[in-house]
Q: 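Handing you a structure now.
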Amino acid sequence: MVVGLEQSLEELRETFRLGKTRSASWRKSQMRGILKLLQEREDDIFTALNQDLGKHPVESYRDEVGVTIKSVNLALSSIEKWMASKKVEMPMIAYPTKGELVPEPLGLVLIFSSWNFPLVLALEPLIGAISAGNTVVLKPSEMAPSCSSFLAKYLPIYLDNKAVKVIEGGPMVGHQLLEHQWDKIFFTGSARVGRLIMAAAAKNLTPVTMELGGKCPAVVDTLASFEEQKVMVNRIVGGKWGPCNGQACIAIDYLLVEEKFAPVLIDLLRKTIKKFYGENTKESKSISKIVNRKQFERLSNLLQDPMVEASIVHGGSLDDDKLMIEPTILLNPPLESEIMTEEIFGPLLPIITVNNIQESVDFIKSRPKPLALYVFTTDETLKRLVIAETSSGSITFNDAIIQFACDTLPFGGIGLSGFGRYHGKFSFDNFSHEKAIMRRNFTDFGFRYPPWNDLKLQFIRAVYSLQYLKLILLLLGFKSGLRRR
Amino acid sequence: MSLTSTATKQQVVKEAEEKKTMVVDSKNAASLVSELRGTFSTGKTRSYEWRTTQIKNIIKLVEERESDIFEALRSDLSKPELESFVSEISMTKASCKTMLKELKHWMKPEPAKTKLTTFPSSAEIVSEPLGVVLVISAWNYPVLLSLDPVIGAIAAGNAVVLKPSEVAPATSSLLAKLLPEYVDKSAIRVVEGAVAETTALLEQRWDKILYTGNGKVGRIVMAAAAKHLTPVVLELGGKNPVVVDSNVNLKVAVRRIIAGKWGCNNGQACISPDYIITTKSFAPQLIDALKSTLEEFYGKDPLQSKDLSRIVNSSHFQRLAQLLDDDKVSGKIVHGGQRDEKRIKIAPTLLLDVPHNSLIMKEEIFGPLLLIITVDKVEDSFVIINSRSKPLAAYLFTNDKALEKKFVDSISAGGMLINDTCLHLAVHTLPFGGVGESGMGSYHGKFSFDTFSHKKAVLYRSFGGDASARYPPYTLKKQRVLRALLNGDIIGLILTLIGWPRK
């Protein structure tokens, strides 16, 4: 239980009331604070990520520090532009009028981040919440304890601690936080917890953003060129075992490939895994460990099913002490087995074969909508088919994971992979209310007001059907001959 | 519960019979949704032609059945014909026409810029339908608030179920009868009913729910949606303030306040002015002007006026009567207050400075009572507004640009209108929706299309330009390349690639 939570929240609400967080200069000063934190405490971050997840500093830089720096820089150079109100065209009917959209902060927001990318998934929404002018409580995941305490220790030093607070803890603390009133809740995690959070949010009519996961498929077309095959397999291996060893909401979950191409693909995957992680992957420093014993056991249970075990074509060895699981490839495990019904979230990669690559579209459509869909192909028809027929948070052609770094694209799910979106300007919008403003002067037309009569109805008909000539005639008093249609 | 009295028994029997004939229960709600999912999965609702055909047919419906609609609205609300024409028929048609004009353009993918980080690549954002959506509408604008969201859902290519409000029964059954005659009933359905039917509908999995109504039911809708992780749009209400400065054109201001308060369904509208805040010194003038203009619009005996809607039903009449009968409130009436219980009518009523702790100051009024609160300085009004939950609409009448700016900067509301009331609802280029207690999500025009669309991010890459720095085994040099790539630092990148050591 958090002691003094009520006072902390009151302090944050008071800060918001005072209007301090609304100024562009405050928002930018916080961005510079985050930047400074990332630059000055880079080694501490690498250490924390290594302790929690065994992430290599290069991986940590690529997936956490570097991506966040990029986002802070974008916010720093864009905040004023994002904050500016937008002029809106007014239709003739409302003449004379001016319209605009003014983005305003929501108030006090709550961010729940997750353990797999404990830095970027905490800071990326935080950047959005602050750049939109809100006060924030961040609850990092207790399953990445070093990163959680890093954030709790250093964010208050580098940021305005009257406006941004980190509250550490597990599910009890989560429940406690949810009892309070928030202006927005941003959650990254599982659908199970997401449902609980949304139900709690409903009590206070709090809008929520749900960043969930799902089984992200990669459709692998039969590529003719060996060079292209090589690049593709680099990207598949990078997209599966690269981001936190498959423990990522946008990691590739399974591959769909034509039966005849499967042996070639498996061979290339094996070679590339060896090239990237060496002969003994469990000794590799370039691959993350499984976050904790519970997750390790969940993953090893997936492999216990005899039918699944029989489908292993590469890897499959587990190291209980180090919580390491070897990159594992499975060929056609039963579709009703748990490994094919649940999100894997780990280093196991099933390959499902189809007769014709186009069949993969139906396969994807028959399952819940994924957060990300990857398609490796040079066939434009297949590309169009996938875009039109399937639904997913995003589609990336011929690469994986990299869409996360593309600020101009919204990041977010659909269906069971969540709702609401963020990154770049979308983060700002997520944490803003777009207030519609309409300004009028005192010029007036009498036909708007009762007592009603037929002439007034004719006026209004003319206005709505944009018959300006008729309107002028009516205004000039030529009412005869203009019968109600 | 004891069942000894015959009256209770009869009631139970009657209820049981009603249940038998219930339009929708959990089981057939489920089969309805799966049938619509079937239609959606054929892809027919995705085509531009299908969408525009349905929308054109809705125009045809409101044009051909205009008199039926007038009749239903008269029966449900005694809504004056002209009001029905303006706020229900014309607005629905305007909404359709906007869609027909803009849809092709909105359906096109939007190109998105890409940067060095993902070079070489191109990107776009594709709008796609969500699937099968549920629209639960309200009784006060039973045509517009039903059809406008349905138009949005169709424009975005969804299959849709509409549950009109049972509190406006004539309009509900008219929509249930007419919509299937005009639109594709394999994808667009109307389900009539009350709590039981709504509950059955809410048990199903939808791809989006748009609810218009009150916060109490809004909470129930969102909690039900949470079970399936369904996103919701909640169009609620709130106490909408009108700040009146003393420098205004009083005649015009008063006309516009009256048109927005009593001219929009007799105050039974979610954007209706709920209370006026003005200065102590200006209040007498304002009240005089309101009184004389009310008389000009609705005559000496407004209960006889044909230009005012009635109260929707006796329970709302009782609710409003109770607000007025509060001891602390009844002495504060400065105009109106007449009511006719038989015809469920209440005259336009003005109340001056009711106590802050009275019920009428806490609850959304949703009826023909208008409060006037006086303050010393007009700026004091901001404190009052900010001490309450965020309203759906906030209005200000002033000629003072500085006050206007302060109002816009310091007050949060779904929408704001300066020097008029309610008109922002009719402008399709502005999003319509609340914030905080007044709701979440927005619609109208492009915002309707967006509300019922998923914005799919699509990134295209080729197989060229592969930076090996992305892949293990990880080295320090790779880290330097990544630093340069992620920072968009071209020179740094080149230096690193040619092997120039840098800190």
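We name chains A, B, ... by the order of the sequence lines, and we start the count at 1 in each one.
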Q: When only pairs under 4.5 Å are counted, which of B:His428, B:Lys390, B:Lys97, B:Lys456 shares the most heavy-atom pairs with chain A?
A: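 When all of B:His428, B:Lys390, B:Lys97, B:Lys456 are compared, B:Lys456 has the most.
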Q: Backbone N or O of A:Tyr277 within a donor-acceptor pair of the A:Thr281 side chain at under 3.5 Å?
A: no
Q: Give a yes or no on whether the ring-centroid distance for B:Phe447 and B:Phe432 is below 6.0 angstrom.
A: no
Q: Contact part of A:Phe419 toward chain B, heavy-atom cut-off under 4.5 Å: side chain, backbone, both or neither?
A: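 Side chain of A:Phe419 only, per the 4.5 Å heavy-atom cut-off to chain B.
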Q: If I measure from the heavy atoms of chain B, does A:Phe404 come under 4.5 Å with its side chain, its backbone, both, or neither?
A: neither
Q: What part of A:Val67 is in contact with chain B, defined as an atom under 4.5 angstrom from a non-hydrogen atom: side chain, backbone, both or neither?
A: both
Q: Please rank A:Gly99, A:Pro57, A:Ser391 by heavy-atom pairs under 4.5 Å with chain B and give me the top one.
A: A:Ser391
Q: For B:Ala394, is it the side chain, the backbone, both, or neither that has a heavy atom closer than 4.5 Å to a heavy atom of chain A?
A: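 For B:Ala394, neither part sits under 4.5 Å from chain A.
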Q: So which part of B:Glu128 gets closer than 4.5 Å to some heavy atom of chain A, the side chain, the backbone, both or neither?
A: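 The side chain, not the backbone.
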Q: Does a salt bridge link A:Glu389 with A:Arg384, judged by any charged N lying under 4.0 Å from a carboxylate O?
A: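 Salt bridge absent between A:Glu389 and A:Arg384.
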Q: Taking NZ, NE, NH1 and NH2 as the nitrogens, is one of them in B:Glu404 or A:Arg439 under 4.0 Å from a carboxylate oxygen of the other?
A: yes
Q: Can you say whether A:Leu223 sits under 4.5 Å from chain B via the side chain, the backbone, both, or neither, judging by heavy atoms?
A: side chain
Q: Give the C-alpha distance, both sets of side-chain angles, the deciding distance and a yes or no for salt bridge (charged side-chain N to carboxylate O under 4.0 Å, His left out) between A:Glu434 and A:Lys86.
A: CA-CA 10 Å; A:Glu434 204 165 48; A:Lys86 266 187 289 180; 3.3 Å; yes
Q: With a 4.5 angstrom heavy-atom cut-off, could you sort out which part of A:Met232 is near chain B: side chain, backbone, both or neither?
A: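 Backbone plus side chain of A:Met232, per the 4.5 Å heavy-atom cut-off to chain B.
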Q: In terms of heavy-atom pairs under 4.5 Å with chain B, which of A:Gly107, A:Gly393, A:Ala388 leads?
A: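 Highest number of heavy-atom pairs under 4.5 Å: A:Gly393.
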Q: Backbone N or O of A:Asn398 within a donor-acceptor pair of the A:Arg235 side chain at under 3.5 Å?
A: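 Yes, the answer is positive, given that a donor and an acceptor are paired below the 3.5 Å cut-off.
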Q: For A:Lys230, which atoms come within 4.5 Å of any heavy atom of chain B: side chain, backbone, both, or neither?
A: neither
Q: Go through the side-chain N and O atoms of B:Thr421 and B:Arg256 and say whether any donor and acceptor fall under 3.5 Å apart.
A: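 No - no donor-acceptor pair under 3.5 Å links their side chains.
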Q: Name the region of A:Glu104, side chain, backbone, both or neither, that has any atom closer than 4.5 Å to a heavy atom of chain B.
A: side chain
Q: So which of A:Ser284, A:Gly412, A:Pro410, A:Gly420 has the biggest tally of heavy-atom pairs under 4.5 Å with chain B?
A: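 That would be A:Pro410.
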Q: At a 4.5 Å cut-off on heavy atoms, which part of A:Arg22 comes close to chain B: side chain, backbone, both, or neither?
A: side chain
Q: Can A:Lys383 be said to sit on top of A:Phe397's aromatic six-ring, NZ or CZ under 6.0 Å from centre and within 45° of the ring axis?
A: yes
Q: Where the side chain of B:His228 meets the backbone of A:Gly415, is there a donor-acceptor pair that is under 3.5 Å apart?
A: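 No.
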Q: Given heavy-atom pairs under 4.5 angstrom as the criterion, report whether the side chain, backbone, both or neither of A:Lys435 touches chain B.
A: both
Q: Just give me the residue among B:His454, B:Met440, B:His424 that pairs up with chain A most often, heavy atom to heavy atom, under 4.5 Å.
A: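 Counting heavy-atom pairs under 4.5 Å, the top option is B:His454.
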Q: Quick check on the interface: out of B:Thr230, B:Thr293, B:Val126, B:Val408, who has the most heavy-atom pairs with chain A under 4.5 Å?
A: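 Top option by heavy-atom pairs under 4.5 Å: B:Val408.
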Q: For the side chain of B:Thr429 and the backbone of A:Glu89, is there at least one donor-acceptor N/O pair under 3.5 Å apart?
A: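 A pair under 3.5 Å: yes.
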Q: Please classify the contact of A:Glu100 with chain B as side chain, backbone, both or neither, using a heavy-atom distance under 4.5 Å.
A: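 For A:Glu100, backbone heavy atoms alone lie under 4.5 Å from chain B.
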Q: Tell me, side chain or backbone of A:Val72 under 4.5 Å from chain B's heavy atoms, or both, or neither?
A: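 Nothing of A:Val72, per the 4.5 Å heavy-atom cut-off to chain B.
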Q: Under 4.5 Å heavy-atom distance to chain B, tell me which part of A:Asn73 shows up: side chain, backbone, both or neither.
A: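 Answer is side chain: those atoms of A:Asn73 sit under 4.5 Å from chain B.
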Q: Measure distances from B:Glu110 to the heavy atoms of chain A and classify the residue's part below 4.5 Å as side chain, backbone, both or neither.
A: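 Interface part for B:Glu110: neither.
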Q: Report the option among A:Gln181, A:Lys369, A:Lys203 that has the most heavy-atom pairs separated by less than 4.5 Å from atoms of chain B.
A: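 Going by pairs under 4.5 Å, I would pick A:Lys203.
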Q: What part of A:Leu101 is in contact with chain B, defined as an atom under 4.5 angstrom from a non-hydrogen atom: side chain, backbone, both or neither?
A: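 Contact with chain B: side chain only.
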Q: Indicate the atoms forming the closest heavy-atom contact of A:Phe276 with A:Ser286, along with that distance.
A: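 That closest heavy-atom pairing would be O-CB, 4.5 Å.
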Q: Hey, which of A:Ala199, A:Gly242, A:Gly66 has the most heavy atom pairs under 4.5 Å with chain B?
A: A:Gly66
Q: Can you tell which part of A:Thr443 gets under 4.5 Å to a heavy atom of chain B, answering side chain, backbone, both or neither?
A: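 Backbone only.
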Q: Test salt bridge (charged side-chain N to carboxylate O under 4.0 Å, His left out) on A:Glu42 and B:Arg483; report intermediate values, then the result.
A: CA-CA 13 Å; A:Glu42 189 177 275; B:Arg483 266 180 216 279; 2.7 Å; yes
Q: Based on non-hydrogen pairs under 4.5 Å, which of A:Ser225, A:Ser394, A:Gly238 is most in contact with chain B?
A: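 Maximum pair count with chain B is reached by A:Ser394.
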Q: Given the options B:Leu476, B:Leu430, B:Leu234, which has more heavy-atom pairs under 4.5 Å with chain A than any of the others?
A: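 The answer is B:Leu430.
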Q: Taking A:Ile437's backbone N and O only, do any of them form a donor-acceptor pair with A:Lys98's side chain (distance below 3.5 Å, no angle check)?
A: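 Judged by distance alone, no pair lies under 3.5 Å.
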Q: Less than 3.5 Å apart, any donor N or O on the side chain of A:Thr206 or A:Asn204 sitting next to an acceptor on the other?
A: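 No, because no side-chain N or O of A:Thr206 sits under 3.5 Å from a partner of the opposite role on A:Asn204.
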Q: Donor-acceptor check, side chain of A:Arg421 to backbone of A:Phe411, threshold 3.5 angstrom: yes or no?
A: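 A pair under 3.5 Å: no.
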Q: Are the side chain of A:Thr68 and the backbone of A:Glu64 linked by a donor-acceptor contact shorter than 3.5 Å?
A: yes
Q: For the candidates B:Asn386, B:Asp409, B:Ile411, which exhibits the highest count of non-hydrogen atom pairs separated by less than 4.5 Å from chain A?
A: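 Highest number of heavy-atom pairs under 4.5 Å: B:Ile411.
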Q: Should A:Lys70 and A:Asp407 count as an ion pair when the cut-off is N to O under 4.0 Å?
A: yes
Q: Pick whichever of B:Gly436, B:Gly415, B:Ala223, B:Ser412 has the most heavy-atom pairs under 4.5 Å with chain A.
A: B:Ser412
